Amino acid sequence: MHTSLTLIIVVVVLAVSFDFINGFHDTANAIATTVSTKALPPKIAIGLAAIMNFIGALTFTGVAKTIGGKIADPSKLEYGVLIVMAALLASIFWNLITWWYGIPSSSSHALIGSIVGAVIAAAGTAPINWGGFTEIFKALILSPIIALLLGYLMMNLFYAIFRRVATPPSKINRRFRYFQILTAALQSFTHGTNDAQKAMGIIVFALVAADLQSDPGHIPFWVQLICAISMGLGTSVGGWKIIKTVGGKITKIEPINGATADLTSSSIIFTFTQLGLPVSSTHVISSAIMGVGAAKRLKSVNWGVAKRIVITWFITLPISTVISALIYFLLHLFV
């Protein structure tokens with residue numbers, strides 16, 4: 001397939017748009033607990049998240065390399081650029097739908113599912129690297145389970161420690177409110193190290209498919225920079241509907257709970273980033289909040305909201321796969 005410069009520009013614009021939307025869609029992951037406990041005013045919390053997301057996005061490239069080459073080999077796909085366009089359009093569509101209804105869905109699930117759907121629509125199942133896809137899928141599934149368990153254990157550990165300290169709960173929470181500023185910054189940084197790289201990887205996928213780059217493992221600095229900027233700008237907008245869901249509708253959050261949830265999720269996201277594996281920051285932080293809430297008592301978690309979130313987790317990948325395949329067929333007809 002002949003690939004015009006115009007199509008490549010469209011792909012880059014769509015990838016930057018995806019990162020921007022991912023930024024305001026997932027702002028809640030970084031600052032919801034901090035805002036809900038009043039550790040920071042909303043505007044300052046969002047500003048902190050935007051800066052740390054930008055820094056995190058420029059720091060690592062392992063996840064971008066995974067997205068760029070582990071799901072399918074872009075150099076062997078005749079319609080690779082159209083595949084990327086379809087995947088990005090499907091991901092953006094699903095992100096906007098779930099943002100509108102205030103549902104913390106996974107941008108990662110949406111993008112991975114969309115890439116698979118577009119590849120299958122274009123060339124069948126043969127080009128899919130099922131080993132690489134399985135590795136990514138395991139990371140997406142295991143990370144929230146680990147977050148739930150680790151959040152529960154860490155919260156119980158903190159409870160056990162502070163029960164032995166003759167300090168009033170109000171004073172403990174006041175100290176943790178200050179600690180939350182650090183954990184929010186850490187959470188935002190790790191979000192940038194993982195989430196922003198997904199758009200980087202998809203741009204590289206398109207560049208290799210268009211024969212403009214030969215190595216899917218090389219992430220040009222200009223790709224890193226524009227994705228980091230768009231993620232930071234998107235974060236600065238703030239996704240208030242999702243912030244309300246994550247920050248207060250799952251469980252009542254006090255500073256000690258919020259700091260523990262942020263510490264849990266950031267450690268898990270950073271670990272998977274080091275392994276070069278994409279995870280859903282939305283899944284991880286929501287599960288960590290459920291874990292710390294359950295440590296207080298099971299009834300303190302709003303399991304109705306939790307159920308709604310979990311259902312969205314499970315349906316995002318297959319729905320985005322189907323949407324992306326349909327969009328690919330339409331693009332193939334008219335582009």
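Note that these values count all heavy atoms, side chains included, but never hydrogens, waters or copies made by symmetry. From a predicted model like this one, the values you see are computed outputs, not experimental measurements.
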Q: Indicate yes or no for a side-chain donor-acceptor contact from S324 to the backbone of T321 under 3.5 Å, with no hydrogens or angles considered.
A: no

Q: Let me have the donor-acceptor pairs involving side chains of residues 81-91, under 3.5 Å, with sequence neighbours excluded, atom names and distances please.
A:
unit_1: S91; atom_1: OG; unit_2: A87; atom_2: O; d: 2.7
unit_1: S91; atom_1: OG; unit_2: A110; atom_2: O; d: 3.4
unit_1: S91; atom_1: OG; unit_2: S114; atom_2: OG; d: 3.3

Q: Just wondering, more than 12 heavy atoms not from F93 lying within 6.0 Å of its CZ?
A: no

Q: Does W222 reach the side chain of V12, with side-chain heavy atoms less than 4.5 Å apart?
A: yes

Q: Could you pull out all residues at least two apart from F60 that satisfy side chain to side chain contact (heavy atoms under 4.5 Å, CB included)?
A: F189, T193, Q197, F270, T273, Q274

Q: According to side chain to side chain contact (heavy atoms under 4.5 Å, CB included), who are the partners of S143, at least two apart in sequence or on a separate chain?
A: I268, F272, V279, V284

Q: Enumerate, atom names and distances included, each donor-acceptor pair closer than 3.5 Å involving a side-chain atom of residues 147-161, sequence neighbours excluded.
A:
unit_1: N156; atom_1: ND2; unit_2: Y152; atom_2: O; d: 3.0
unit_1: Y159; atom_1: OH; unit_2: N257; atom_2: ND2; d: 3.2

Q: Testing the basics here: between L140 and S280, what is the closest heavy-atom pair and its distance to 0.1 Å?
A: CD2-N, 3.8 Å

Q: Can you list every pair that meets side chain to side chain donor-acceptor pair (under 3.5 Å) and has a residue in residues 66-77, with sequence neighbours left out?
A: K70-E135, D73-S75

Q: Please say yes or no: joined through hydrophobic side-chain contacts below 4.5 Å, possibly via intermediate residues, are M231 and L225 part of one cluster?
A: no

Q: Using the rule that two of Ile, Leu, Val, Met, Phe, Trp, Tyr join whenever any of their side-chain heavy atoms come within less than 4.5 Å, decide whether L330 and I323 are in one cluster.
A: no

Q: Using a 3.5 Å distance criterion without hydrogens, assess whether the side chain of Q180 forms a donor-acceptor pair with backbone atoms of A39.
A: no

Q: Can you hop from F329 to L333 via hydrophobic side chains spaced under 4.5 Å?
A: no

Q: Could you pull out all residues at least two apart from K65 that satisfy salt bridge (Lys or Arg N to Asp or Glu O under 4.0 Å)?
A: none

Q: According to salt bridge (charged side-chain N to carboxylate O under 4.0 Å, His left out), does anything in residues 276-296 pair up with another residue at least two apart or in another chain? List the pairs.
A: none

Q: Looking only at heavy atoms, which two atoms of N53 and G192 are closest? And how far apart?
A: OD1-N, 3.2 Å

Q: If I take atom CG from residue L186 and atom OG from residue S266, how far apart are they, to the nearest 0.5 angstrom?
A: 3.5 Å

Q: Is it possible for you to say whether V292 and F162 belong to one hydrophobic cluster, with membership spreading through side-chain heavy-atom contacts below 4.5 Å?
A: yes

Q: Could you pull out all residues at least two apart from F54 that satisfy ring-ring contact (aromatic ring centres under 6.0 Å, His included)?
A: none

Q: So which heavy atom on I55 is nearest to which on T59, and how close?
A: O-OG1, 2.6 Å

Q: Using the test side chain to side chain contact (heavy atoms under 4.5 Å, CB included), find all partners of L182 that sit at least two apart in sequence or belong to another chain.
A: F179

Q: A side-chain contact here means heavy atoms from C-beta on lying under 4.5 Å apart; do I141 and F137 qualify?
A: yes

Q: Taking atom CG of D19 and atom CD1 of I226, what is their separation to the nearest 0.5 Å?
A: 9.0 Å

Q: Who pairs with L326 by side chain to side chain contact (heavy atoms under 4.5 Å, CB included), at least two apart in sequence or on another chain?
A: V322

Q: Do you know which two heavy atoms are closest between A325 and G117, and how far apart they sit?
A: CB-O, 3.7 Å

Q: First locate atom CD1 of I285, then atom CD1 of I289, and finally report the distance between them rounded to the nearest 0.5 Å.
A: 4.5 Å

Q: Taking C-beta and beyond as the side chain, do T190 and Q187 meet within less than 4.5 Å on heavy atoms?
A: yes

Q: Which atom pairs, donor and acceptor, lie under 3.5 Å between side-chain atoms of residues 200-215 and protein residues at least two apart or in another chain?
A:
unit_1: Q213; atom_1: NE2; unit_2: D215; atom_2: O; d: 2.7
unit_1: Q213; atom_1: NE2; unit_2: H218; atom_2: O; d: 2.7
unit_1: D215; atom_1: OD1; unit_2: G217; atom_2: N; d: 2.8

Q: Hydrophobic clusters here meaning ILVMFWY residues chained together by side-chain heavy-atom distances under 4.5 Å, can you tell me if I315 and L96 are in one?
A: yes

Q: Could you measure the distance from the CH2 atom of W130 to the CD1 atom of I71? Nearest 0.5 Å is fine.
A: 10.5 Å

Q: What residue pairs, at least two apart or across chains, pass salt bridge (charged side-chain N to carboxylate O under 4.0 Å, His left out) with a residue in residues 106-129?
A: none

Q: For the backbone of P278 and the side chain of S108, can you confirm whether one donor and one acceptor N or O come within less than 3.5 Å of each other?
A: no

Q: How many angstroms lie between CD1 in I269 and CG in L277, if you round to the nearest 0.5 Å?
A: 13.5 Å

Q: What heavy-atom pair brings Q224 and A57 nearest, and what distance separates the two atoms?
A: NE2-O, 4.2 Å

Q: Can you give me the closest heavy-atom contact between A199 and F18, atom names plus distance?
A: CB-CD2, 4.2 Å

